[in-house]
Amino acid sequence: MELQNIEIHTQDSDVEVAHKINSMELHNWINHLAYVGEELKSLVTFFNSQSSKKWMEREKLSQRFQIIMFDNNVIHRQLQNFLDSRTSIVECLDMKCNISFIQEHEKCRRMYQFHIDKYRKMKDTFFTDLQRKINEQVKSA
């Protein structure tokens with residue numbers, strides 16, 4: 001995980017501070033999506049290693065996580081591309097240019113949050129079901 005050291009100085013303008021905060025946030029999102037990607041790989045590997053007794057159920061869950069993994073990779077790439085484009089912020093000469101970057105950042109924020117919410121809900125459902133199955137096996141033993 002890459003740590004970003006961005007310093008905010010007292011002489012920075014409000015716009016510069018906003019851009020620096022947005023850059024830190026964007027780095028955090030990218031790092032988080034990289035972690036989620038690794039976690040998804042582990043979950044898919046887990047599903048694919050399960051016994052074939054319940055092949056259809058396992059396959060359905062595996063496919064759902066693979067779809068989320070695909071979305072995760074696409075969003076990760078989009079955020080990385082936006083991060084790369086932010087190097088031209090220093091060339092902004094007017095408020096219109098700055099607002100354009102801020103609007104794009106807000107678009108990325110919504111995309112990231114929607115994806116993470118969807119991922120967490122699916123993961124929570126999976127672990128709730130897994131816990132229920134474990135409890136059923138313990139009761140029947």
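The analysis underlying the following values was restricted to heavy atoms, covering all of them including side chains, and did not include hydrogens, waters or symmetry mates.
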Heavy-atom side-chain contact between [X] and [Y] under 4.5 Å:
X: Q78; Y: N81; answer: no
X: F126; Y: R64; answer: no
X: M122; Y: T125; answer: no
X: H19; Y: R86; answer: yes
X: L43; Y: M69; answer: no
X: K107; Y: E104; answer: yes
X: I99; Y: K96; answer: no

Margin query: So does K41 get a backbone contact from the side chain of T45, meaning a donor-acceptor N/O pair under 3.5 Å?
Written below: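 Looks like yes, one N/O pair under 3.5 Å.
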| Just by distance, do the side chain of S88 and the backbone of E91 share a donor-acceptor pair under 3.5 Å? | no
Exercise. Is the shortest distance from a Lys or Arg side-chain nitrogen in R109 or E106 to a carboxylate oxygen in the other one below 4.0 Å?
Worked result: yes
In Å, rounded to the nearest 0.5 Å, how long is the span from [atom1] of [X] to [atom2] of [Y]?
X: I89; Y: N98; atom1: CD1; atom2: CG; answer: 7.5 Å
X: S85; Y: Q80; atom1: OG; atom2: CD; answer: 10.5 Å
X: I134; Y: D129; atom1: CD1; atom2: CG; answer: 11.0 Å
X: L26; Y: I21; atom1: CG; atom2: CD1; answer: 13.5 Å

Evaluation steps, side-chain contact (heavy atoms from CB on, under 4.5 Å), between K20 and H9: CA-CA 10 Å; K20 287 180 178 184; H9 305 283; 3.8 Å; yes
State yes or no: do [X] and [Y] share one hydrophobic cluster built from I, L, V, M, F, W and Y residues joined by side-chain heavy-atom distances below 4.5 Å, directly or via other members?
X: I102; Y: Y112; value: no
X: L40; Y: F46; value: yes
X: M24; Y: V17; value: yes
X: L61; Y: F127; value: yes
X: L79; Y: I116; value: yes

Which pair of heavy atoms, one from [X] and one from [Y], lies closest together, and at what distance?
X: F82; Y: F101; result: CZ-O, 3.6 Å
X: T87; Y: D84; result: OG1-O, 3.1 Å
X: F65; Y: K123; result: CZ-CA, 4.3 Å

> Hey, mind stepping through H27 and I30 against side-chain contact (heavy atoms from CB on, under 4.5 Å) and telling me if it holds?
Replying inline: CA-CA 5 Å; H27 279 281; I30 290 168; 5.6 Å; no
query: Would you find more than 12 non-hydrogen atoms of other residues, nucleotides or ligands less than 6.0 Å from L130 atom CG?
result: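 Atom CG in L130 is crowded, with more than 12 foreign heavy atoms closer than 6.0 Å.
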From the list N72, I75, I68, side chain to side chain contact (heavy atoms under 4.5 Å, CB included) partner of V36 resolves to N72
Examine W29 together with H105 and report whether their ring centres are nearer than 6.0 Å.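 Yes.
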Practice item. Determine, stepwise, if the pair N135 / Q131 fulfils side-chain hydrogen bond (donor to acceptor under 3.5 Å, both in side chains). Key: CA-CA 6 Å; N135 290 341; Q131 184 64 51; 3.0 Å; yes
